[in-house]
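Everything below concerns the one structure shown next.
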Amino acid sequence: MKEINTKKLINFSINGTAAQAKEGWTVLDTARNMGIYIPTLCHHEAVEPIGACRLCVVEARQGNWSKVVVSCMYPPFEGVEIFTDSERVKNVRRWVLEMLLAQCPASREIKALAAEYGLKSTRFKIKNPEEQCILCGLCVRVCAEVVGVQAISLGSRGVLKHVSTPYMVPNKACIACGSCVSVCPTGAMQTRLDKVRGDISQRTGHGFAH
Amino acid sequence: MFRHPVTHSKERILYVKKLSTDIDSILEKYPGEPQYLISLLQDVQAQYSYISEENINFICDHVGVPVTKAWSVVTFYRSFSLNPRGEHQVRVCCGTACHLKGADRIAEDLERHLCVEREHTTKDMRFTLETINCPGACAVAPVVMVDDEYLGSTNQADVRQYLKKL
Amino acid sequence: MEKITNIEQLDLLKNSLRKARESGRQVVRVCLGPGCRAQGADKVAAAFRNAVRQQGLPVKVEPLIKETGCHGFCKEGPLVTLEPSGLFYSRVKPDDVEEIVEKTIKNNEVISRLLYSENGTVYKSAQEIPFYKMQKKIASRNVGDIDPLSIEDAIANGAYQAVAKAFASMTPEQVIKDVEVSGLRGRGGAGFPTGRKWRSAADAVKKHPGPVYVVCNGDEGDPGAFMDCVVMEGDPHSVIEGMIIAAYALGARQGFIYVREEYPFAIKNLTIAMEQARSAGLLGANIMGTGFEFDIRINRGAGAYVCGESTALFQSIEGKPGEPRAKYIRSVERGLWDRPTVLNNVETLANIPVIIENGGEWFSKIGPPNSTGTKAFSLVGKVKNVGLVEVPMGVPLSTIVEDIGGGIPGKKSFKAVQTGGPSGGCIPYKLKDVSVDFDSLTKIGSIMGSGGMIVMDDRDCVVDVARYFLRFLEEESCGKCLPCRLGLEAMLEFLDNFAQGKGSLEDIEELKSLAKAVQDGALCALGGSAPNPMLTTLEYFRDEYEAHIIEKRCPAGVCKDLITFHIDSEACTGCGLCASNCPQACITGEDKKPHEISQNACTRCGTCMDLCKFSAITVS
């Protein structure tokens, strides 16, 4: 867990309310501590944040300076004003969600989140109506950082990116622990699990940690 | 020139043996640390024109990273290929200067002519058609590189003619 | 070469090498820059070596054949210059070589056929040509002059003098101070002050003692830009020297040069230069006998544009996929292997030795106060004098395009200049007098970028150019963050519609809103700046977008779905070249009589237009 120097507190504000962060806390940590809701998809307490889904964006302001930052990684500094629902912030979230509706139309979670922002449909092309995965990489990170197995990885890049095992064959390293399924924010890993672990009944020892 | 090995034969076994000896000489060049993963993959790519599953395993053992890591590296970077490349590399520059001068039309023509999509190899393993992003020869745009030869200020007919002569 | 074990020895060596140069021996410099090489310069150089060998010239006459880096005037390549006569021959073919040896080298005769001429004036030497006259070379000072494979040649030109000066008379603090005073800003694109970067890294090391790294970014990925390539190929020692000085300022012992793999000659020349520097005692352990230790390793890029982004580049050096990370903690504090790291561009580092030798004060007087020094540009596209130029900052854009570049070829007109590659913008003709410096370009929506300058004429469609850059970035996006991975694809969907004459004016506003979301939301600069080409073209050429959307017309005649090809019956000679190459076989006509295109079958592939030798194919 994070090292916290309890002696030093950072004073700033979230949506006009005074906020205090312990050293090492991010804006998201502080907001959650205060009970302020910020939507997230790729964030999970069990693993290091990577700031990929960009749903947790907030606007940081000081004087004339302002910047949209990801709250899951942004360390607040003394006096900064954070706005979790400014127009700029909502613009990012709305567009990301509308694009996600096209990317993973089968995900109930994404539909519910999009509805919060008034989105019921998407104007963009739907490539695969069955898709649920948003490619946040939580499954890959939990497998590497928590389970310590590294049975899955993100293959390729850009629009071709996908969660896969080497050569798309089930990986014997997988211990079928199900951590990836439990952290998946959209339920996509459920349908992929068999492709990763293969047929459990056929497994014989090698690389299979009990 | 490298050809895809014939499987289920003695040659295949001999071929594998040859590979394993050659791979050692590549592995020896770098210390067994994760930072040398990409350099090793590049050398293997240069030597064999592609990266085989077997060689990924050798490299991973040498530098000490799991195959999943190497897999994401190999599929992330454009210069690595999981399948053998053709005898001749046909590379159409699609940099900005070449684009303005019709590089895309040349690439499309080559796709039709060679009956292969870009970034793929013809069935007879003669040609691999690729697009690249500027080797710096903008003065003679549009440029097509065939192996190490530059065809400058070229057009569809000239490239076809050149390929015919190979 | 003997190992240099103290600073005075370098001076002695330089002086003796200079003296040897003054022997009056003729020198033939053959440009082997990327442009000339593509035009067969390697064969010209080989022909020179052959001719000299075969002729068995007496030692006094035998010229020194130097294969140098880029001379800049790529359009006229292959280029050959001769000394001491100063003659400049252009478009030299291997067949011309024998004549040059026979006439010029042996008998001092000028071959006027090979001289460059422009508007009726014939130029004998390079300095007189307008293309060269207005340039000022600092970063590329030795490129084209020295043989990049000879450290002696570089030393004779003053290489490693700045390192010697820094070791002998400056503290690391003074080096940083001098770079700060110079006002040098990073030449890779963002324009961050180099001195401040070094200072922050030096402070970070003080706070957390341990290793610190100097990394040179040679991953020049912008399509249509090759300045760094030319410097690395033509004067590798200036980059190495710049890195040694940075290392001295920061106390670094290990450096890395990350070179794009599409530049095999840059990799080769740098590798050889480093080996030579090591054996000369100028790199590695105990440099010049001072006890200072610093070595460099070359990392080849593996085909990922995003690795030009600092944090992605570090990932790549560490052997991982090149995915950037958020930079809330800057890389000068936490870079390579989470240690303080200074990442400088090739051109930035090539400037460092000159700054140290002449002083930061001297450098700061070149160009406007906020953008000091010179900048190299690769001037390409629809411009007469395609090539590499280096000019003082602050010159008007029109000077580069019209005076140095010679304007637009043919009867077409100057439409726009694209600067800064896929992250930059399009500058329209009406702003052609904008001062080329960091701040002025940012003000009009473009950026300096790494130095690609692509000139467009009225046959280039801005919608097509915006699509081109977006498609490029979509392919190069690492895919880590959603605004970039999905946003570029979505923006492209809008533009694809426009290019097909679909969409509405509201879509333009929606697209702008999406662009804002991508700028705000993307993780790194690749995504954050991706909308720039589109936004600037929308601002300056909105009428062209509207022509696509409302009139279903592509004014430049580029967007396939909105054009038709015709054959001008007066210009057509009936040669049949188009008909025999048409993939649809939809061009018909009798031999020696005007042909015709059957519009129903035509796929508008453009092959006929590209091949026609009589410009008989028209677009409407």
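Letters go in sequence order (proteins before strands), and every chain restarts at 1. Please read all numbers here as calculations on a predicted model, not as lab measurements.
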Query raised in the report: Is A/Arg61 positioned over the aromatic face of A/Phe83, cation under 6.0 angstrom from the ring centre and no more than 45 degrees off axis?
Result: yes
Query raised in the report: Within a strict 4.5 Å, meaning less than it, do heavy atoms of the C/Ser200 and C/Arg330 side chains meet?
Result: yes
Requested in this report: Determine whether the side chains of A/Tyr37 and A/Thr84 contain a donor N or O and an acceptor N or O closer than 3.5 Å.
Outcome: no
Query raised in the report: Which atoms of C/Ala522 come close to chain A, meaning under 4.5 Å heavy atom to heavy atom: side chain ones, backbone ones, both, or neither?
Result: backbone
Requested in this report: Please state whether the side chain, the backbone, both or neither of C/Arg325 comes within less than 4.5 Å of a heavy atom of chain A.
Outcome: neither
Query raised in the report: Is a salt bridge present between A/Glu98 and A/Lys120, judged by a nitrogen-to-oxygen distance below 4.0 Å?
Result: no
Query - Pi-cation contact, C/Phe469 with C/Arg471 (under 6.0 Å, within 45°) - result: no
**Report entry** Presence of salt bridge, A/Arg32 and A/Asp29, under 4.0 angstrom
**Finding:** no
Query raised in the report: Do the charged groups of C/Asp219 and C/Arg300 touch, with an N to O distance under 4.0 Å?
Result: no
**Report entry** Within the 6.0 Å centroid threshold, strictly below: C/Phe314 and C/Tyr213
**Finding:** no
Requested in this report: Return yes if some donor-acceptor pair links the side-chain N/O of C/Ser446 with the main-chain N/O of C/Thr442 below 3.5 Å, else return no.
Outcome: no
**Report entry** Which of A/Val70, A/Leu154, A/Val57 touches chain C most, by non-hydrogen pairs under 4.5 Å
**Finding:** A/Val70
Query raised in the report: Residue by residue, which of residues 505-521 of chain C have a heavy atom closer than 4.5 Å to a heavy atom belonging to chain A?
Result: C/Glu510, C/Ser513, C/Leu514, C/Lys516, C/Ala517, C/Asp520, C/Gly521
Query - Residues of residues 85-97 of chain A contacting chain C, heavy-atom criterion under 4.5 Å, by residue number - result: A/Arg88, A/Asn91, A/Val92, A/Trp95, A/Val96
Query raised in the report: Between C/Pro340 and C/Val205, what is the shortest heavy-atom contact and its length?
Result: CB-CG2, 4.0 Å
Requested in this report: Please determine if C/Glu476 and A/Arg157 form a salt bridge, counting it only when a charged side-chain N lies under 4.0 Å from a carboxylate O.
Outcome: yes
Query raised in the report: Of the backbone (N, CA, C, O) and the side chain (C-beta and beyond), which part of A/Leu160 lies under 4.5 Å from a heavy atom of chain C, both, or neither?
Result: neither
